[in-house]
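Here the structure is laid out as structure tokens; the discussion comes afterwards.
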Amino acid sequence: MAKYVAHAHSKIILSSHKVRKDIVSIASKLGYLSFESDEQNNFDQNIEQMRRDDVLLFPFPSGKGREQDDLAFLTKIKEKQVKLILITLNIDYLRYDTADKAATVSALQQADVLITLSQAMNQQLLLDGVNVPMVVLDLHDYLSEGEILPATYMKKLIFAGSPYKATYMQGWQSHIPIDIFAREEAIDHIDQLHDSISYTGYLTPDKMPNLINYGFGLAFDVDSDAGHFANYQTLNLSHKVSLFLAAGLPIIVNARAASAPILRAANAALVIDSIGDIEDIFYAMDDVQYHKLAHGSAQLGRLVRDGFFYTKAVRQAEQLIDVE
């Protein structure tokens with residue numbers, strides 16, 4: 001028996017690709033061999049090397065809009081009686097009206113085990129007709145070397161990514177400063193935003209957790225023209241949350257977010273109902289409270305830096321299908 005992990009081809013350094021890169025790194029330590037797709041995310045050339053009772057760990061989907069392609073590939077894999085563990089990185093029909101729900105559900109049904117991101121996601125998939133065994137991840141890992149830097153108390157927010165994907169950024173009127181870390185092409189017209197919002201620069205996903213050590217990580221998702229993110233975050237895990245945990249920073253997260261319970265239990269975040277709550281919370285905040293939150297974040301951060309959550313989930317999935 002051989003074990004394989006699929007690695008979608010990419011020459012772009014983005015947070016979403018770090019998730020997949022980290023999965024491959026973690027899986028390799030668990031005995032999985034990596035194979036890559038070509039530039040069109042075509043995995044078909046790998047099917048011939050797989051044999052009955054081999055195991056394939058597949059981050060799903062392979063890319064946005066690839067529901068039919070993934071279904072075709074996974075159907076061929078199952079025809080060879082390969083054991084299939086799918087990681088549901090995104091369920092696009094829950095956030096984009098244009099996604100192919102039927103193809104997604106059929107693809108997920110090919111799995112012997114699903115690694116899902118939350119218990120709420122499990123329940124939603126069951127309602128949608130997916131009835132295979134499921135394992136819950138709890139948090140994305142965020143592999144990073146070195147020690148977590150001591151956090152510096154500042155009433156300042158750190159936002160990673162394009163400010164135009166969060167509608168509250170366009171209407172921001174608070175004097176609480178926000179530092180934006182993003183690629184330059186993602187921050188056009190930033191001068192039209194509030195004076196308290198500043199473009200700080202760009203750090204690659206691998207470098208960022210070792211270089212930001214102040215303030216609060218802002219991981220508060222809302223709906224935008226791009227998709228239904230406010231409802232989706234109740235089911236999905238934000239990779240930004242794991243970035244800020246890897247940096248050991250207190251996080252500001254929506255109370256409805258799937259990660260809110262574990263962050264609250266670890267005392268690693270300010271869990272709020274509305275972005276407008278930040279003003280009052282910051283007014284009452286002091287350095288003692290800040291460092292207690294930073295301590296809780298760093299405790300979880302050491303786990304995500306080490307690959308704890310994906311390792312645990314993959315091992316649980318293997319047990320369900322009797323993989324030694």
Side-chain angles (χ1 to χ4, degrees), residues 15 142 144 146-184 186-222 233 238-255 257 259-260 263-264 266-301 304:
S15 176
Y142 202 105
S144 188
E147 296 295 322
I148 295 176
L149 298 173
T152 300
Y153 171 53
M154 295 179 70
K155 292 182 179 180
K156 178 177 279 194
L157 304 172
I158 295 177
F159 185 91
S162 170
Y164 309 110
K165 292 183 178 179
T167 53
Y168 60 79
M169 296 289 278
Q170 285 84 72
W172 189 258
Q173 295 298 318
S174 172
H175 291 287
I176 296 173
I178 302 178
D179 284 352
I180 293 178
F181 289 85
R183 304 174 80 85
E184 287 190 26
I187 49 91
D188 289 343
H189 311 300
I190 196 169
D191 56 322
Q192 298 177 14
L193 300 179
H194 195 270
D195 291 344
S196 58
I197 299 176
S198 302
Y199 176 57
T200 306
Y202 174 69
L203 297 172
T204 66
D206 286 328
K207 291 180 178 178
M208 194 167 181
N210 293 320
L211 295 173
I212 54 171
N213 67 331
Y214 63 90
F216 294 77
L218 184 56
F220 195 97
D221 289 331
V222 296
Q233 71 171 333
S238 167
H239 197 234
K240 289 181 185 178
V241 165
S242 295
L243 160 64
F244 294 131
L245 290 174
L249 293 184
I251 301 166
I252 294 176
V253 67
N254 195 318
S259 59
L263 295 175
R264 185 186 281 115
N267 195 32
L270 297 174
V271 180
I272 62 176
D273 295 310
S274 167
I275 201 73
D277 296 341
I278 297 175
E279 286 267 6
D280 291 340
I281 292 173
F282 270 23
Y283 180 79
M285 175 71 59
D286 60 27
D287 63 337
V288 174
Q289 292 171 301
Y290 176 84
H291 286 296
K292 285 181 179 178
L293 291 168
H295 176 72
S297 177
Q299 285 187 311
L300 282 180
V304 301

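Below, all heavy atoms of this structure are taken into account, side chains as well, without hydrogens, waters or symmetry copies.
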side-chain contact (heavy atoms from CB on, under 4.5 Å) between K292 and V288, intermediate numbers included:
CA-CA 6 Å; K292 285 181 179 178; V288 174; 4.0 Å; yes

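- With rounding to the nearest 0.5 angstrom, the CG atom of L203 is 7.5 Å from the CD1 atom of I212.
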Would you please test I176 and E279 for side-chain contact (heavy atoms from CB on, under 4.5 Å) and show each step?
CA-CA 8 Å; I176 296 173; E279 286 267 6; 4.3 Å; yes

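- In K207, the NZ atom is not crowded: 12 or fewer heavy atoms of neighbouring residues, nucleotides or ligands sit closer than 6.0 Å.
- Of the inter-residue distances, the one linking Q233 atom CD with S259 atom OG reads 8.0 Å to the nearest 0.5 angstrom.
- In this structure, M169 and I275 have side chains that are not in contact, with every pair of non-hydrogen atoms separated by 4.5 Å or more.
- No more than 12 heavy atoms of other residues, nucleotides or ligands shown are found within 6.0 angstrom of CD on E147.
- Side-chain contact between E184 and Y199: present, with at least one pair of heavy atoms (C-beta onward) separated by less than 4.5 Å.
- Shown here are the ring pair (Phe, Tyr, Trp, His ring centres under 6.0 Å) partners of F244, two or more places apart in sequence or in another chain: there are none.
- Counting heavy-atom neighbours within 6.0 Å of H291 NE2, excluding the residue itself, gives a total above 12.
- Within the 4.5 Å cutoff, the side chain of H175 has heavy atoms near those of the H194 side chain.
- In this structure, the side-chain contact (heavy atoms from CB on, under 4.5 Å) partners of I148, at least two apart in sequence or on a different chain, are A298, R302, R305.
- Minimum interatomic distance between Q289 and A284 (heavy atoms only, all atoms of both residues): OE1-O, 3.2 Å.
- Using a 4.5 Å cut-off on side-chain heavy atoms (C-beta onward), I252 and I281 make no contact.
- For K240 and F159, the positive end sits near the middle of the six-membered ring, less than 6.0 Å away and at most 45° from its axis.
- Contact detail for V253 and A269: the closest heavy-atom pair is CG1-CB, 4.1 Å.
- Screening L149, L249, T152 for a side chain to side chain contact (heavy atoms under 4.5 Å, CB included) with Y214, the sole residue that qualifies is T152.
- Judged by distance alone, the side chain of S242 and the main-chain N or O of V304 form no donor-acceptor pair under 3.5 Å.
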Evaluate F282 against L157 for side-chain contact (heavy atoms from CB on, under 4.5 Å), listing each step before the verdict.
CA-CA 11 Å; F282 270 23; L157 304 172; 3.7 Å; yes

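- Ring planes of Y290 and F216: perpendicular class, angle over 60° (limits at 30 and 60°).
- Between the NZ atom of K155 and the CD1 atom of I278 there is a distance of 13.0 Å, given to the nearest 0.5 Å.
- Side-chain atoms of L270 and I251, non-hydrogen and from C-beta on, never get closer than 4.5 Å to each other.
- Between atom CG of residue L218 and atom CD1 of residue I158 there is a gap of 10.0 Å, rounded to the nearest 0.5 Å.
- Counting only heavy atoms from C-beta outward, the side chains of S198 and I178 never approach each other to under 4.5 Å.
- Note: S238 OG to N254 CG = 11.0 Å, rounded to the nearest 0.5 Å.
- Listed here is the closest heavy atom pair of A260 and V271: CB-CG1, 4.1 Å.
- Shortest non-hydrogen contact noted between P209 and Y142 is CG-CE2, 3.7 Å.
- Nearest heavy atoms, A182 versus S162: CB-N, 4.4 Å.
- Summarising the geometry of A151 relative to A294, their closest heavy-atom pair is CB-CB, 3.8 Å, with the distance given to 0.1 Å.
- Listed for the K156 side chain is no donor-acceptor partner under 3.5 Å among the backbone atoms of G215.
- A donor-acceptor contact closer than 3.5 angstrom is absent between the side chains of D286 and Y153.
- Side-chain atoms of I197 and I180, non-hydrogen and from C-beta on, do get closer than 4.5 Å to each other.
- Side-chain contact annotation: D206 with S144, donor-acceptor N/O pair under 3.5 Å absent.
- With contacts defined as side-chain heavy-atom distances shorter than 4.5 Å, the pair Q299/N267 does not qualify.
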